[in-house]
J.: 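Okay, handing you the structure first.
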Amino acid sequence: MSADDDAPTSPAGPSGGWSPDRVGDQSGRTALVTGANSGLGLEVSAVLAAAGARVVMTARSREKGDAALEQVRRRAPGAQVELQLLDLASLRSVADLATRMTASLGAHGLDLLVNNAGVMAVPRSTTEDGFELQLGTNFLGHFALTGRLLVPLLQSESAGRRPRVVSLSSMAHRFGRITPDDLMREKRYGAWSAYGQSKLADLMFALELDRRAERAGRELVSVAAHPGISATNLFTGGPLGRLPSPVRSALGRVGELVMQSPEAGAWPVLRAATAPDVVGGEYYGPAGAGERSGPPVRVGTSAGAQDVDVARWLWEEAVRLTGVGFHELDPA
């Protein structure tokens with residue numbers, strides 16, 4: 001199922017007050033979290049590790065990744081946590097990680113994939129493979145990673161567990177538009193419009209993956225989440241970080257008043273990743289006004305996110321661009 005309107009909705013009962021202390025025992029689950037060196041990814045990794053999961057944290061930088069790994073180990077002594085290097089702006093790096101992880105996971109498989117890493121509102125540039133950077137990193141890199149890890153995910157299903165993929169979207173998906181005639185924004189580029197397109201693509205991917213898994217009769221659960229407005233490096237090191245120092249300082253002080261912490265921003269992701277009542281195709285975000293902050297609940301999507309024809313086109317285009325198919329979900 002998926003939310004099909006614009007209004008936040010809270011499930012019946014006390015779940016509107018969900019917080020990480022409701023994360024159950026995650027022992028026996030193996031999770032891979034992209035962009036785990038800071039912000040949401042670091043928090044999600046720490047909570048999952050403390051709950052008993054084996055957590056594979058990914059980062060582009062060995063130095064930053066090792067520092068994050070030590071933070072998680074301090075918060076969760078004895079946790080099963082490790083670091084793998086991954087650059088989502090490189091299909092070669094994605095393929096290398098998937099090969100290493102498939103060998104490492106063996107027959108156990110992968111129980112949870114959190115597609116978290118991303119860039120936001122950056123000046124136009126391209127990935128190693130020539131894709132517009134935001135679309136290439138936020139969407140195409142994660143599309144390729146999920147496809148290359150599909151076999152380990154389905155191995156988890158074969159072992160009697162329900163694998164789950166959580167893809168990070170954003171409130172920006174609401175102003176995002178998929179532009180088939182200029183997907184890479186070569187004709188006209190705006191940092192925020194390109195970001196909105198990438199986050200809409202992430203949400204459409206999550207919903208389309210759920211539809212395809214359901215049609216294939218698989219137990220794979222694909223959901224999406226967004227953190228509201230959170231003071232993560234994605235913002236402070238992105239658009240805010242490029243402003244002149246006095247402006248950056250002033251906006252930073254304002255941001256402290258209106259943004260929630262990365263820890264709170266991670267709550268919708270953690271609920272989507274761990275709650276036993278989560279259903280494929282759902283979208284989680286903060287319950288507060290404008291979905292900016294608050295406890296995680298099911299929220300609605302833009303009408304564009306529900307366009308199955310565009311989603312099908314986007315999926316097929318992503319297969320063409322990345323060379324990665326999801327053949328295990330093909331109709332029999």
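Counting begins at 1 with the first residue of the sequence.
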J.: Side-chain contact, heavy-atom cut-off 4.5 Å: Val319 with Phe143?
T.: yes
J.: Do His142 and Thr34 have a side chain donor and acceptor closer than 3.5 Å?
T.: yes
J.: Should the pair Arg312-Asp309 be classified as a salt bridge under the 4.0 Å nitrogen-to-oxygen rule?
T.: yes
J.: Using modelled atom types only, decide if a donor and an acceptor are shared between the side chain of Gln84 and the backbone of Val56 within a distance under 3.5 Å.
T.: no
J.: Side chains of Glu291 and Ile229: does their closest heavy-atom pair fall under 4.5 Å?
T.: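 They are not in side-chain contact.
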J.: Do Phe139 and Leu168 sit in the same hydrophobic cluster, where Ile, Leu, Val, Met, Phe, Trp and Tyr count as joined when their side-chain heavy atoms come under 4.5 Å apart?
T.: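 Shared cluster, no.
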J.: Salt bridge check: are Arg212 and Glu208 linked by an N-O gap of less than 4.0 Å?
T.: yes
J.: Quick one, Asn37 and Leu83 - any side-chain contact, counting heavy atoms below 4.5 Å?
T.: no
J.: Check the angle between the aromatic planes of Phe326 and Trp315 and answer parallel, tilted or perpendicular using the 30° and 60° thresholds.
T.: tilted
J.: Would you give the length of the straight line joining atom OG of Ser167 to atom CG of Leu207, rounded to the nearest 0.5 angstrom?
T.: 9.5 Å
J.: Checking Asn116 against Val269 for the side-chain contact (heavy atoms from CB on, under 4.5 Å) test, could you report, in this order, the C-alpha distance in whole Å, the side-chain angles of both residues, the deciding distance, and whether it holds?
T.: CA-CA 9 Å; Asn116 164 75; Val269 186; 5.7 Å; no
J.: So how far is it from Trp313 CH2 to Ile178 CD1, rounded to the nearest 0.5 Å?
T.: 7.5 Å
J.: Examine Phe205 and Phe131 and state if one hydrophobic cluster contains both, with Ile, Leu, Val, Met, Phe, Trp and Tyr joined whenever side-chain heavy atoms are less than 4.5 Å apart.
T.: yes
J.: Indicate the ring-plane relationship of His226 and Tyr283, choosing parallel, tilted or perpendicular according to the 30° and 60° boundaries.
T.: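 Answer is tilted, since the angle falls between 30° and 60°.
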J.: Drop me the distance from Ser198's OG to Leu135's CG, to the nearest 0.5 angstrom.
T.: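 Interatomic distance, Ser198 OG to Leu135 CG, rounded to 0.5 Å: 6.5 Å.
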J.: Please tell me if the side chains of Asn138 and Val119 come closer than 4.5 Å, counting only heavy atoms from C-beta onward.
T.: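 Touching, per the 4.5 Å side-chain cut-off.
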J.: Is the shortest distance from a Lys or Arg side-chain nitrogen in Arg92 or Glu128 to a carboxylate oxygen in the other one below 4.0 Å?
T.: yes
J.: Using 0.5 Å steps for rounding, measure from the OG1 atom of Thr30 to the CG atom of Leu32.
T.: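 Nearest 0.5 Å value for the OG1-CG distance: 10.0 Å.
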J.: Might you point out which heavy atoms bring Val223 and Gly281 nearest each other, and give the distance in Å?
T.: CG1-N, 3.9 Å
J.: How far does CG of Asp25 sit from OG1 of Thr274, to the nearest 0.5 angstrom?
T.: 11.5 Å
J.: For side-chain contact (heavy atoms from CB on, under 4.5 Å), just list the numbers for Asp210 and Leu220, CA-CA rounded to whole Å, side-chain angles, deciding distance to a tenth of an Å, and then say yes or no.
T.: CA-CA 7 Å; Asp210 179 67; Leu220 176 70; over 6 Å; no
J.: Does a salt bridge link Arg271 with Glu282, judged by any charged N lying under 4.0 Å from a carboxylate O?
T.: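 Looking at Glu282 together with Arg271, the answer is no, because their closest N to O distance does not fall below 4.0 Å.
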J.: Checking the side chain of Thr58 only, and the main-chain atoms of Leu86 only, is there a donor and an acceptor separated by less than 3.5 Å?
T.: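 No: the side chain of Thr58 does not pair with the backbone of Leu86.
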J.: Within the side chain of Ser104, is there an N or O that forms a donor-acceptor pair under 3.5 Å with the backbone of Arg100?
T.: no
J.: Under a single-linkage definition using a 4.5 Å side-chain heavy-atom cutoff for Ile, Leu, Val, Met, Phe, Trp and Tyr, are Leu112 and Leu42 assigned to the same hydrophobic cluster?
T.: yes
J.: On a heavy-atom basis, which atom in Ser222 and which in Ala206 lie closest, and how many Å separate them?
T.: OG-O, 2.7 Å
J.: For the residue pair Leu113 and Thr146, establish whether any side-chain heavy-atom pair is separated by less than 4.5 Å.
T.: yes
J.: Using the side chain to side chain donor-acceptor pair (under 3.5 Å) rule, pick out the option among Gln26, Arg161, Gln155, Arg29 that qualifies with Asp111.
T.: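 The passing option is Arg161.
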J.: Any sub-3.5 Å donor-acceptor pair from Ser93's side-chain atoms to Asp87's backbone N or O?
T.: yes
J.: Indicate, with yes or no, if Val47 and Val72 share a hydrophobic cluster defined by side-chain heavy-atom contacts under 4.5 Å among Ile, Leu, Val, Met, Phe, Trp and Tyr.
T.: yes
J.: Compute whether any side-chain donor of one residue and acceptor of the other, for Ser61 and Glu63, lie under 3.5 angstrom apart.
T.: no
J.: Please report the closest heavy-atom contact between His108 and Gly28, naming both atoms and the distance.
T.: NE2-O, 2.9 Å
J.: Charged N to carboxylate O under 4.0 angstrom, Glu157 versus Arg164?
T.: no
J.: Do Phe175 and Leu200 come within less than 4.5 Å of each other through their side chains, counting heavy atoms only?
T.: no
J.: Leu183 and Leu321: which non-hydrogen atoms are nearest, and at how many Å?
T.: CD2-CD1, 4.2 Å
J.: For Asp202 and Asn115, run side-chain contact (heavy atoms from CB on, under 4.5 Å): C-alpha distance rounded to whole Å, both residues' side-chain angles, the deciding distance at 0.1 Å, then the answer.
T.: CA-CA 9 Å; Asp202 285 333; Asn115 290 325; over 6 Å; no
J.: Taking the six-membered ring where the residue is Trp, are the ring centres of His173 and Tyr195 under 6.0 Å apart?
T.: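 Ring-ring flag for His173/Tyr195: false, centres at least 6.0 Å apart.
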J.: If you define the side chain from C-beta out and look only at heavy atoms, does anything of Thr127 sit under 4.5 Å from Glu132?
T.: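 Side-chain contact under 4.5 Å: no.
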J.: Go through the steps to decide whether Glu82 and Arg54 satisfy the test salt bridge (Lys or Arg N to Asp or Glu O under 4.0 Å), and finish with yes or no.
T.: CA-CA 8 Å; Glu82 63 192 79; Arg54 173 194 172 190; 3.0 Å; yes
J.: Between Tyr284 and Trp267, is the ring centre distance below 6.0 Å?
T.: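 Centroid separation for Tyr284 and Trp267: 6.0 Å or greater.
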J.: Is the shortest distance from a Lys or Arg side-chain nitrogen in Glu70 or Arg73 to a carboxylate oxygen in the other one below 4.0 Å?
T.: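 Looking at Glu70 and Arg73, the cut-off is met.
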J.: Is there a salt bridge (Lys or Arg N to Asp or Glu O under 4.0 Å) between Asp182 and Lys187? Walk through the geometry before answering.
T.: CA-CA 7 Å; Asp182 189 23; Lys187 299 175 184 176; 5.7 Å; no
J.: Considering non-hydrogen atoms only, spot the tightest contact between Ala89 and Leu133 and give its length.
T.: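 It is CB-CD1, 4.2 Å.
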J.: Verify side chain to side chain donor-acceptor pair (under 3.5 Å) between Arg177 and Gln197, making sure each step is shown before the conclusion.
T.: CA-CA 5 Å; Arg177 297 290 181 271; Gln197 175 179 245; over 6 Å; no
J.: If two hydrophobic side chains count as joined below 4.5 Å and joins carry through other members, does Val324 share a cluster with Leu153?
T.: no
J.: Taking atom CG of Leu88 and atom CG of Leu140, what is their separation to the nearest 0.5 Å?
T.: 10.5 Å
J.: What are the two closest non-hydrogen atoms of Met57 and Val81, and how far apart are they?
T.: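 The pair with the smallest heavy-atom distance is SD-CG2, 3.4 Å.
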J.: Are side-chain heavy atoms of Gln80 and Val55 found at a separation under 4.5 Å?
T.: no
J.: Between the side chains of Ser193 and Arg185, is a donor N or O closer than 3.5 angstrom to an acceptor N or O?
T.: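 Indeed, the side chains of Ser193 and Arg185 share at least one donor-acceptor pair under 3.5 Å.
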